[in-house]
Amino acid sequence: MVGIERILSAFSEHLVLTYVSLFVSISVGIPLAVLALKSKRLASIIMGFANLVQAIPSFAVVAIVVPLLGIGFTPAIFAIFLRALLPIVKNTYVGLSEVDEAMIDAAEGIGLTEWEIIRHVRFPHAYPAMFAGIKFAAVLANSIAILTAIIGSGGLGRLVFEGLASFNTDKILAGSIPAILMAVFIDVSFSYVEKKITPKGIGSE
Amino acid sequence: MDVQWVWESQKLTQRTIEHLRMFSISLLLAIVIGVTLGLFLYRRPKLASLTLNILNVVETIPTLALLVLFLPILGIGEKPTIAASVLYSILPIARNTYTGLTTVERSYLEVAEAIGLSDREILVKVRFPLALPLIAAGVRIAVVFTMGVVTLGGLIAAGGLGAPIQTGIHLYDKEIIIVAGLWVGILALLLDGIAALIEKYLRRRYRGGD
């Protein structure tokens, strides 16, 4: 059996790893998506890049970070950040750019500035797409946080890898079951936040 | 950087063949099961939301965790890797098949009914062809997922290109990591590119360029 304290400390490491990276991804991804609104050219470069990176397997991303940044906690954060960034950028941009033209015209008509239109018109309409991206990114981040244990990030992945190395099923389960619960919890909690901040009358999906 | 040395010492040709073998088996199984499931849900719409939600939960399970959960049942190696890839890839394919079959424009269906096609004929001759581009889009997502899971298979002794990456990380050998890592990346982009071309062709053929 694996001690409950061991599981709890691994769990909290995992939580920090996932949420710190996710937070960085969100705070870089959303401004990037707003930036892509500025010009078609910039947008197509960013989206093309997003599609390219999406196709690379996570394990390869984790591996490629090693020669650049070494091993440990920080490289792990960087790998997760990279993986979680693109779904956020992509979905936020799609959400922001596919707002009904008539709505934008109306907003310009009543004299809102470009920034006010982004803040009060585009963003609320982009929330469903944006949150779909963030939720997907969160689940991805949780998944890669397990993988990064192989480059020394700690967290629940360490239990899984120790279990794998000694073929100890208890240890594997002690690592993976909390990770699964955490992923489900992340998904549910972001759905809740989404429901809270979306104004009534906008997209019920 | 000595690409040739890494390539030979890590037997990358053989690894690539293993990799593509697992990839093709998984993707084929996922397409067969996913499309069948999509068709089934179209027939039994009451089960649709429940089934799709269960698959959604499966999707939130970290890949590696899913992989190791199969270990006690299927042992180590190729089998759990293929099982995990298939399980991950069923959702996008089934969901897109189901969505494609159920969201056909009314006017098409009315015309089909007017010329006297039976329900079965409408499904085969109208709904299915119109759903093809969406199914292809689902398959394209599955290509990316499958590629990822197969790479992870290296961690549970399935061979494939995950194996040299793991070796590289364990030995902390930068050359192996970069060569093997980039090669998987290029391969993934290539397969994704082929899938994108097929999707584009089907879209132009059956959905009139949208």
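Side chains are part of it too, since the values below use all heavy atoms of this structure and drop only hydrogens, waters and symmetry mates. Numbered from 1 within each chain, the chains take letters A, B, ... in sequence-line order. As the structure is a prediction and not an experimental result, all values here were calculated from the model.
Contact check for B/Ile178 versus A/Ile64: no side-chain heavy atoms found under the 4.5 Å cut-off. Under the 4.5 Å side-chain criterion, counting only non-hydrogen atoms from C-beta, B/Leu155 is in contact with A/Ile150. By the 4.5 Å heavy-atom criterion applied to side chains, A/Ile56 and B/Val184 are not counted as neighbours. Side-chain contact between B/Pro62 and A/Ile180 is present, with heavy atoms from C-beta onward closer than 4.5 Å.
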Determine which donor-acceptor pairs between chain B and chain A fall under 3.5 Å and list them with their distances.
unit_1, atom_1, unit_2, atom_2, d
B/Thr63, N, A/Ser143, OG, 3.3
B/Thr63, OG1, A/Ser143, OG, 3.2

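Contact of B/Leu66 with chain A is not made at all, since no heavy-atom distance falls under 4.5 Å. Proximity to chain B (any heavy atom under 4.5 Å) is shown, for A/Val66, by both the backbone and the side chain. Contacts of B/Ile186 with chain A are absent, with no heavy-atom separation under 4.5 Å from either backbone or side chain. Heavy-atom distances place no part of B/Leu191 under 4.5 Å from chain A, backbone and side chain included. Heavy atoms of A/Leu181 lying under 4.5 Å from chain B are absent altogether.
Counting all heavy atoms, side chain and backbone alike, A/Ala55 lies closest to B/Ala188 at O-CB, 2.9 Å. Between A/Ala60 and B/Ile165, the shortest heavy-atom contact is CA-CD1, 4.2 Å.
With rounding to the nearest 0.5 angstrom, the CG atom of B/Leu64 is 5.0 Å from the CZ atom of A/Phe161.
When the candidates B/Gly162, B/Gly154, B/Ala180, B/Pro72 are compared by the number of heavy-atom contacts under 4.5 Å with chain A, B/Gly162 comes out ahead. Highest contact tally toward chain B, considering only A/Leu147, A/Leu173, A/Val184, is held by A/Leu147 [criterion: heavy-atom pairs under 4.5 Å].
Within 6.0 Å of the CD atom in B/Glu110, the count of heavy atoms belonging to other residues, nucleotides or ligands exceeds 12.
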B/Ile169/A/Ile151 under side chain to side chain contact (heavy atoms under 4.5 Å, CB included): CA gap, chis, key distance, verdict: CA-CA 7 Å; B/Ile169 291 176; A/Ile151 60 168; 4.0 Å; yes
